[in-house]
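One structure below.
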Amino acid sequence: MDTSLLVLGIVIFLALAFDFINGFHDTANAIATSVSTRALTPRRAIIMAAIMNFLGAIMFTGVAKTIGGSVANPAKLTNGIDIVIATLIAAIIWNLLTWWFGIPSSSSHALIGALAGAVYVGAGADKLNWSGFIEIVEGLLFSPLIAFVVGYIVMMILKYIFAHRSPHTVNKGFRTMQVITAALQSFTHGTNDAQKAMGIITFALVSAGYQDHLDVPMWVKISAATAMALGTSIGGWKIIKTMGTKIFKIDPINGFAADLSGASVIFTATMLHLPVSTTHAITSAILGVGSAKRFSAVRWSLAGRIVITWVITIPIAALLAGLIFKILF
């Protein structure tokens with residue numbers, strides 16, 4: 001077998017493994033609130049999330065093109081395949097570590113940071129597209145702030161509308177509505193997160209000379225969508241517990257507001273071809289909703305730990321990818 005084809009096969013396997021891990025690592029983001037409020041049983045929530053993730057993943061490719069060409073130009077890298085291998089190994093290691101400890105960190109941050117670090121070490125600073133990298137990082141950093149504000153506003157509006165209604169009646173109605181918003185959240189997760197593995201595979205195909213454009217082949221779409229859906233079907237119970245119960249006590253109306261807010265931010269980013277962190281979006285939306293409910297209800301110490309993880313993920317993933325590149329190549 002041609003060595004270059006074998007190496008490309010390794011890249012594709014690692015990319016799909018990353019997508020699979022992303023599925024069970026970030027599934028919690030989409031279904032944590034609906035499970036914690038018992039709007040959905042865990043089994044039904046996961047099955048629904050897997051289906052909606054798959055549908056979202058195969059319908060969009062804009063984010064994949066951003067990932068495939070904004071951090072670096074794969075056509076100008078002589079060792080692009082090596083860079084992608086180091087990127088994926090570093091991102092997978094970080095995802096598994098944070099999943100094991102139940103920390104809702106960002107797979108997106110891990111992948112973008114690792115890719116930047118691998119390009120910097122493997123090809124040099126001049127091969128890193130700083131403007132594209134900074135634009136992606138800005139989207140990753142600003143989207144949580146936007147999600148927080150949107151979550152706060154949506155919850156304040158709902159509080160005003162239902163101020164004189166019985167809490168029991170209100171929550172009974174919103175428990176049903178949560179099924180819809182959880183499905184929407186899962187769909188938007190697929191439209192954005194699955195694109196990242198597609199982008200990395202396309203990056204590798206261009207770098208290896210198997211194609212000269214950043215259009216995502218259909219087999220890549222289906223493979224990435226399937227890997228994420230399979231990962232989603234496993235679930236991430238540790239992160240579900242953190243997201244659904246430890247930040248603040250979530251009622252169905254709160255879960256509805258958080259899911260709607262997070263999904264709207266993610267889908268807007270998808271339409272703008274910007275990769276954002278679904279973890280950050282939904283966590284920030286939950287924090288915004290909790291603040292609107294009662295500021296003291298939010299466990300800000302836990303929120304602080306989550307924010308620290310957000311901040312350190314990109315530099316740690318970059319350093320890890322650079323180190324792995326040095327060791328392997």
Side-chain angles (χ1 to χ4, degrees), residues 11 15 18 60-88 90-91 94 105-147 191-209 211-216 220 265-281 284 307 310-326:
V11 168
F18 170 82
F60 297 88
T61 59
V63 173
K65 292 182 179 180
T66 299
I67 294 290
S70 290
V71 176
N73 185 344
K76 294 183 178 179
L77 299 176
T78 58
N79 58 348
I81 294 291
D82 299 343
I83 286 171
V84 171
I85 289 175
T87 296
L88 290 169
W94 181 251
S105 71
S106 169
S107 299
S108 306
H109 280 211
L111 187 65
I112 296 299
L115 180 58
V119 170
Y120 187 90
V121 173
D126 59 316
K127 290 295 191 293
L128 188 62
N129 182 3
W130 290 100
S131 60
F133 173 66
I134 291 171
E135 182 181 350
I136 291 174
V137 171
E138 286 176 348
L140 290 171
L141 293 178
F142 283 118
S143 55
L145 301 177
I146 295 170
T191 68
N192 204 282
D193 264 28
Q195 306 297 310
K196 291 149 194 171
M198 295 182 198
I200 285 293
I201 293 174
T202 305
F203 184 104
L205 290 171
V206 173
S207 183
Q211 66 180 55
D212 57 2
H213 53 80
L214 292 173
D215 293 335
V216 182
V220 174
V265 170
I266 295 167
F267 195 65
T268 299
T270 297
M271 292 293 95
L272 296 174
H273 299 175
L274 287 174
V276 296
S277 168
T278 54
T279 305
H280 289 203
S284 297
V307 170
W310 294 351
V311 172
I312 66 174
T313 294
I314 289 179
I316 287 180
L319 289 170
L320 186 58
L323 179 63
I324 290 171
F325 184 91
K326 283 287 189 183

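Side chains are part of it too, since the values below use all heavy atoms of this structure and drop only hydrogens, waters and symmetry mates. Being a predicted model, the structure only gives us computed values, none of them experimental.
- The NZ atom of Lys76 sits 8.0 Å away from the NZ atom of Lys127 when rounded to the nearest 0.5 Å.
- Between Ile112 and Ile67, the closest side-chain pair of non-hydrogen atoms falls below 4.5 Å.
- Using modelled atom types, one side-chain atom of Ser143 and one backbone atom of Gly139 make a donor-acceptor pair closer than 3.5 Å.
- Counting only N and O atoms by type, the side chains of Ser277 and Ser108 include no donor and acceptor under 3.5 Å apart.
- Looking at Pro275 and Gln195, their side chains never come closer than 4.5 Å, going by heavy atoms from C-beta outward.
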Legend entry - Intermediate values then yes/no, side-chain contact (heavy atoms from CB on, under 4.5 Å), Val206 and Asp212: CA-CA 6 Å; Val206 173; Asp212 57 2; over 6 Å; no
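- For the residue pair Val84 and Val11, the shortest heavy atom distance occurs at CG1-CG1, 3.4 Å.
- Side chains of Val220 and Ile201 form a contact here, defined as non-hydrogen atoms less than 4.5 Å apart.
- Within 6.0 Å of the CZ atom in Phe133, the count of heavy atoms belonging to other residues, nucleotides or ligands exceeds 12.
- Closest approach of Ala321 and Ala86 over heavy atoms only: O-CB, 3.7 Å.
- Within the 4.5 Å cutoff, side-chain heavy atoms of Glu135 are placed close to those of Leu274.
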Inset, instruction - Check step by step if side-chain contact (heavy atoms from CB on, under 4.5 Å) holds for Leu115 and Ile200. - result: CA-CA 9 Å; Leu115 180 58; Ile200 285 293; 4.2 Å; yes
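- Annotation for Ala90 and Ala317: closest pair CB-O, 4.0 Å, computed over non-hydrogen atoms.
- Contact annotation: the side chain of Ile266 never approaches that of Asp193 to less than 4.5 Å [non-hydrogen atoms, C-beta and beyond].
- Contact of the Asn192 side chain with the Val276 side chain is registered, since non-hydrogen atoms from C-beta on lie closer than 4.5 Å.
- Shortest non-hydrogen contact noted between Trp94 and Ala110 is CD1-CB, 3.7 Å.
- Taking every heavy atom of both residues into account, Asp215 and Thr202 meet most closely at O-CG2, 4.0 Å.
- Between Phe60 and Phe267, the distance from one ring center to the other falls under 6.0 angstrom.
- To the nearest 0.5 Å, atoms OG1 (Thr270) and CG (Leu272) are separated by 9.0 Å.
- Considering OG1 of Thr87 and CZ of Phe18, their distance stands at 10.0 Å, rounded to 0.5 Å.
- Separation of atoms CD1 (Ile314) and CG (Leu141) is listed at 6.0 Å; rounding is to 0.5 Å.
- Rounding to the nearest 0.5 Å gives a distance of 11.0 Å between NE2 of His280 and CG of Leu145.
- Residues Asn79 and Phe325 form a side-chain contact, since some pair of their non-hydrogen atoms from C-beta on lies under 4.5 Å apart.
- For the pair Ala72 and Phe203, the tightest heavy-atom approach, listed with the atom from each and the gap, is O-CE1, 3.7 Å.
- Atom NE2 in His213 sits 9.5 Å away from atom NZ in Lys65 (nearest 0.5 Å).
- Looking only at side-chain heavy atoms (C-beta outward), Leu88 and Leu111 come within less than 4.5 Å of each other.
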